[in-house]
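A short worksheet on the structure shown next.
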Amino acid sequence: MRGIAVLLMIFDHLMYNLWGLMPLVFRDYPAEGLSLKIARTALYYWRMDLRTGIRFIVLAVFMLLTGICCSLSRSNLRRGLRLMGFALLVTAATFVVGLVTDYPDITIAFGVLHCIALALICVGLADKLGVSKWIYLALGLVMVTAGAILFSDAEFISYSEGNAAVTVLRSVLGTASCGSDCFPFLLFGGQVFVGVFVGRQFYTERRSVFGARYENGLVTFVGRNSLAVYIIHQMILPVLIGLILLACGFHLAM
């Protein structure tokens, strides 16, 4: 399930790169013909209501599974700190891209990696205090409910509008959205906490509750290495598309 969620996320990012990022990098993209049709198709997909609904379901499943995996790990604090380091590298890289493209709102201040990392850190600290699984469930449900209410009215705010630090804080809480990737901690971090409860309630024997045995394949490989796949594809995918466009005769904007 986690592998499927990650593959769908990669496709989602591919569509964004085709209509959102590449026009910032190449001054003559999408031009006419096939490239224009591809960009328009990607934009149409991105604006579909169906995509919005499916994306939320996929993200909820992914966050829930992340919480279940937390219940199987003894090093959540260390994993969370390491992941936060990767997340800050993503912030730095997208900040540089924003400077180069003169589009600062592409910067990812609190995206999926930041959200998961913060959740793992919280779980690691809570485990040291011996927090009950029922506390995770109660806190997670409260967070998800509050996050859904707050984020339903959230509007996109540019970093250039007012205090950038306040804007980022609002995106963490879910009262606003900023950057090219925004994951409010109340909404999505709460789903991780619910997943921790599910894991500790139903996976105490560390075996599939469905009694399934999965073959090693692309989907299971991606699921088992979701962090590495996420980070690598974020770097490789735009570069690969860019090289293809260069080979097709498009010109860099800088």
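Because the structure is a prediction, the values reported are computed rather than measured.
Other residues, nucleotides and ligands contribute only 12 or fewer heavy atoms inside 6.0 Å of the CZ atom of Phe95. Within 6.0 Å of CZ on Arg51 lie more than 12 heavy atoms contributed by other residues, nucleotides or ligands.
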>> Let's go through Val97 and Leu24 carefully: what are the C-alpha distance in whole Å and the side-chain angles of both, what is the deciding distance for side-chain contact (heavy atoms from CB on, under 4.5 Å) to 0.1 Å, and is it a yes or a no?
In response: CA-CA 10 Å; Val97 172; Leu24 299 176; over 6 Å; no

> Yes or no on side-chain contact (heavy atoms from CB on, under 4.5 Å) for Tyr136 and Val198, after CA distance, side-chain angles and deciding distance?
Replying inline: CA-CA 9 Å; Tyr136 281 112; Val198 173; over 6 Å; no

> Going through the distances and angles, do His233 and Met9 end up as a side-chain contact (heavy atoms from CB on, under 4.5 Å)?
Replying inline: CA-CA 10 Å; His233 100 272; Met9 175 191 63; 3.9 Å; yes

> What do the steps show when you test Ile116 against Met63 for side-chain contact (heavy atoms from CB on, under 4.5 Å), and what is the final call?
Replying inline: CA-CA 8 Å; Ile116 294 176; Met63 291 299 184; 3.8 Å; yes

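Ser177 contributes no side-chain N or O that, together with a main-chain N or O of Gly174, makes up a donor-acceptor pair within less than 3.5 Å. For the pair Thr66 (side chain) and Val192 (backbone), a donor-acceptor distance under 3.5 Å is absent. In this structure, Ser132 contributes its side chain and Trp134 its backbone to a donor-acceptor pair below 3.5 Å. For the pair Asn163 (side chain) and Val166 (backbone), a donor-acceptor distance under 3.5 Å is present. In terms of modelled atom types and a separation under 3.5 Å, the side chain of Asn216 and the main chain of Phe221 share no donor-acceptor contact.
Residue Leu8 is tested with Val58, Ile57, Leu59 for a side chain to side chain contact (heavy atoms under 4.5 Å, CB included); the sole match is Val58.
Here the closest heavy-atom approach between residue Pro23 and residue Asn17 is recorded as CD-O, 4.5 Å. Taking all atoms of both residues into account, the shortest heavy-atom contact from Gly189 to Cys115 is N-SG, 3.7 Å. When all heavy atoms of Leu18 and Tyr29 are compared, the closest pair comes out as O-OH, 2.8 Å. Contact detail for Ile157 and Cys178: the closest heavy-atom pair is O-CB, 3.4 Å. Of all heavy-atom pairs between Gly199 and Ser71, the closest is CA-OG, 3.2 Å. Heavy-atom minimum distance, Val222 versus Gly3: CG1-O, 3.9 Å.
In terms of the salt bridge (Lys or Arg N to Asp or Glu O under 4.0 Å) criterion, Arg27 has no residue partners (sequence neighbours excluded). Among residues two or more places apart in sequence or in another chain, the side-chain contact (heavy atoms from CB on, under 4.5 Å) test is passed with Tyr44 by Met48. Residues that satisfy the side-chain contact (heavy atoms from CB on, under 4.5 Å) test with Val25, not counting sequence neighbours, are Leu21, Leu252.
Between Val144 and Phe193 the shortest side-chain heavy-atom distance does not fall below 4.5 Å. Residues Phe197 and Ile135 have side chains not in contact (no heavy-atom distance under 4.5 Å, counting atoms from C-beta outward). Asp181 is not listed as a side-chain neighbour of His114, based on a closest heavy-atom distance of 4.5 Å or more. Counting heavy atoms from C-beta outward, Ile10 and Val229 have side chains that approach closer than 4.5 Å. Side-chain contact between Arg2 and Phe62 is present, with at least one heavy-atom pair separated by less than 4.5 Å. For the pair Phe185/Cys122, a side-chain contact is recorded, criterion being any heavy-atom separation below 4.5 Å from C-beta on. Under the 4.5 Å side-chain criterion, counting only non-hydrogen atoms from C-beta, Lys37 is not in contact with Pro30. Between Leu169 and Thr175 the shortest side-chain heavy-atom distance does not fall below 4.5 Å.
The distance from atom CD1 of Ile68 to atom OG of Ser73, rounded to the nearest 0.5 Å, is 14.0 Å. Rounding to the nearest 0.5 Å places CD of Gln191 at 10.5 Å from CG of Leu141. Rounding to the nearest 0.5 Å gives a distance of 12.0 Å between CD1 of Ile236 and CD1 of Ile241. Between Leu99 atom CG and Thr94 atom OG1 the span is 10.0 Å, to the nearest 0.5 Å. The distance from the CZ atom of Phe156 to the OG1 atom of Thr167 is 9.5 Å, given to the nearest 0.5 Å. Rounding to the nearest 0.5 Å gives a distance of 7.0 Å between CG of Leu83 and CD1 of Ile231.
Residue Val6 is not grouped with residue Leu240 when hydrophobic side chains (ILVMFWY) are merged at heavy-atom distances under 4.5 angstrom, including chains of intermediate members. Note on Leu34 and Met22: same hydrophobic cluster, where clusters join Ile, Leu, Val, Met, Phe, Trp and Tyr whose side-chain heavy atoms are under 4.5 Å apart, directly or indirectly. Cluster annotation: Val142 is not connected to Leu150 through the hydrophobic network of ILVMFWY side chains, with a link wherever side-chain heavy atoms come within less than 4.5 Å. Hydrophobic clustering (side-chain heavy atoms under 4.5 Å, transitive across Ile, Leu, Val, Met, Phe, Trp, Tyr) keeps Ile244 apart from Leu237. Linking ILVMFWY residues whenever their side-chain heavy atoms come closer than 4.5 Å, directly or via other members, leaves Ile232 and Leu7 in distinct clusters.
Below 30°, between 30° and 60°, or above 60°: for Phe188 and Phe56 the angle between ring planes is between 30° and 60°, a tilted geometry.
In summary, the aromatic rings of Tyr45 and Phe11 are positioned with their centroids under 6.0 Å apart.
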